[in-house]
Amino acid sequence: MRQTERTDPRRIVAEGYDRIAERYAEWVANEVIGEVAPPYVAFLIDNVPEHSRVLDLGCGGGGPTTRQLAERFEVTGVDISARQIDLSRKEVPGAKFLQADMTDVEFGASSFDAVTAFYSLTLLPFGELPNLVERICLWLRPGGLFVASLSSSPDEGTVVPDWLGAPMYSSGYSAAENWLIVERSGLQVVAAEEGTIQQNGEPATFLWMVARKPSEVPGA
């Protein structure tokens, strides 16, 4: 099918979150059951030095995860939704936020000590994850951490007509494919496990992963 504005995944996601930003924040706070992210935020706090540079991809509207990271680290948040970025700047004034497509945004090599992506990588147009993970590896300093939720089952692209009040797009790979994508980027998987939450009464399972960029070999 020829891609139009109506079928462009980026446009669907950006306009969708512009429309539902406040509703999404309320939903995350009050209606998601079995949240899996907190232990991974705690892992970062315990394993990354204070004041380190952390990139939060798909930061949303400055919710609890971004606020907690910003209390300890120098956070740069990226989100494709202009409304979400407006909310983030209000909710977390001490962090830096960029309204941008995470697949297009540019950072220098070794710019960050950690990169997080919670519930955002499944919003990418199908096929763009491998290149993004390669760029994440470039952005990380040697020894830096990548902590993210990824899909657990394959989906070449689905549009839900009404998700919290707006159309929404998602896509993804199997857990095994995601593992290969991360390792082929040059990152080393430290831990990976599936975790399930309840969304609108339905289970949603993600592959939660911690990966590390190898340290430079002395003399190399």
Side-chain angles (χ1 to χ4, degrees), residues 13-14 16-18 20-32 34-124 132-133 135-150 164 187 190-191 195 197 206 208-213:
V13 172
Y17 275 100
D18 283 347
I20 66 170
E22 286 82 0
R23 172 72 181 99
Y24 177 75
E26 175 187 334
W27 178 77
V28 169
N30 300 314
E31 300 176 44
V32 175
E35 177 59 280
V36 182
Y40 291 89
V41 177
F43 174 85
L44 283 167
I45 290 172
D46 291 342
N47 290 275
V48 179
E50 192 172 2
H51 306 303
S52 292
R53 298 163 296 171
V54 174
L55 175 62
D56 188 13
L57 293 174
C59 60
T65 296
T66 305
R67 289 198 298 270
Q68 192 173 1
L69 291 173
E71 288 173 358
R72 180 175 176 83
F73 306 120
E74 295 180 11
V75 170
T76 298
V78 174
D79 202 280
I80 199 170
S81 164
R83 181 58 184 152
Q84 294 278 54
I85 290 296
D86 287 344
L87 292 176
S88 287
R89 288 171 176 157
K90 178 181 178 182
E91 295 293 328
V92 194
K96 177 182 178 182
F97 294 101
L98 303 173
Q99 191 264 314
D101 180 345
M102 70 175 78
T103 66
D104 290 334
V105 70
E106 296 287 345
F107 298 106
S110 301
S111 293
F112 297 100
D113 302 284
V115 175
T116 63
F118 296 162
Y119 303 117
S120 58
L121 298 180
T122 52
L123 303 176
L124 294 175
L132 175 61
V133 178
R135 297 174 74 216
I136 288 170
C137 183
L138 174 68
W139 296 337
L140 282 169
R141 66 164 178 79
L145 291 172
F146 173 51
V147 182
S149 60
L150 302 114
L164 301 181
L187 298 172
V190 175
I197 59 176
F206 295 85
W208 286 83
M209 182 176 288
V210 177
R212 187 184 302 276
K213 183 173 180 176

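- Applying the ring pair (Phe, Tyr, Trp, His ring centres under 6.0 Å) criterion to Tyr24, with sequence neighbours excluded, gives Tyr17, Trp27.
- For residues 61-78, the set of pairs meeting the side-chain hydrogen bond (donor to acceptor under 3.5 Å, both in side chains) definition, not counting sequence neighbours, comprises Asp56-Thr66.
- For residues 83-93, the pairs satisfying side-chain hydrogen bond (donor to acceptor under 3.5 Å, both in side chains) are Glu22-Arg83, with sequence neighbours left out.
- Applying the side-chain hydrogen bond (donor to acceptor under 3.5 Å, both in side chains) rule to pairs touching residues 42-52 yields nothing, sequence neighbours excluded.
- Of the inter-residue distances, the one linking Cys59 atom SG with Lys96 atom NZ reads 12.5 Å to the nearest 0.5 angstrom.
- Summarising the geometry, atom CG belonging to Leu145 is positioned 8.0 Å from atom CG belonging to Leu140; distances are rounded to the nearest 0.5 Å.
- Summarising the geometry, atom CG belonging to Leu121 is positioned 6.0 Å from atom CD1 belonging to Ile136; distances are rounded to the nearest 0.5 Å.
- A donor-acceptor contact shorter than 3.5 Å is absent between the side chain of Lys213 and the backbone of Gly144.
- Screening residues 103-122 for ring pair (Phe, Tyr, Trp, His ring centres under 6.0 Å), with sequence neighbours left out, gives Phe107-Phe112, Phe107-Trp139, Phe118-Trp208, Tyr119-Phe206, Tyr119-Trp208.
- Taking CZ of Arg141 as the reference point, atom OG of Ser111 lies at 12.5 Å (rounded to 0.5 Å).
- Annotation for Arg53 and Ser110: closest pair NH2-O, 3.6 Å, computed over non-hydrogen atoms.
- Listed here is the closest heavy atom pair of Val36 and Ile197: CG2-CG2, 3.7 Å.
- Under the 4.5 Å side-chain criterion, counting only non-hydrogen atoms from C-beta, Phe73 is not in contact with Asp113.
- For Glu26, there are no salt bridge (charged side-chain N to carboxylate O under 4.0 Å, His left out) partners at least two apart in sequence or on another chain.
- With values rounded to the nearest 0.5 angstrom, Ile85 atom CD1 is found 10.5 Å from Asp18 atom CG.
- For Asp79 (side chain) and Gly61 (main-chain N/O), no donor-acceptor pair under 3.5 Å exists by modelled atom type.
- Here the closest heavy-atom approach between residue Leu87 and residue Ala21 is recorded as CD1-CB, 3.7 Å.
- The CZ atom of Arg135 sits 7.0 Å away from the CG atom of Asp104 when rounded to the nearest 0.5 Å.
- The side-chain heavy atoms of Ile80 and Leu123, taken from C-beta on, include no pair separated by under 4.5 Å.
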Chi angles and distances behind the side chain to side chain contact (heavy atoms under 4.5 Å, CB included) call for Val75, Val92
CA-CA 10 Å; Val75 170; Val92 194; over 6 Å; no
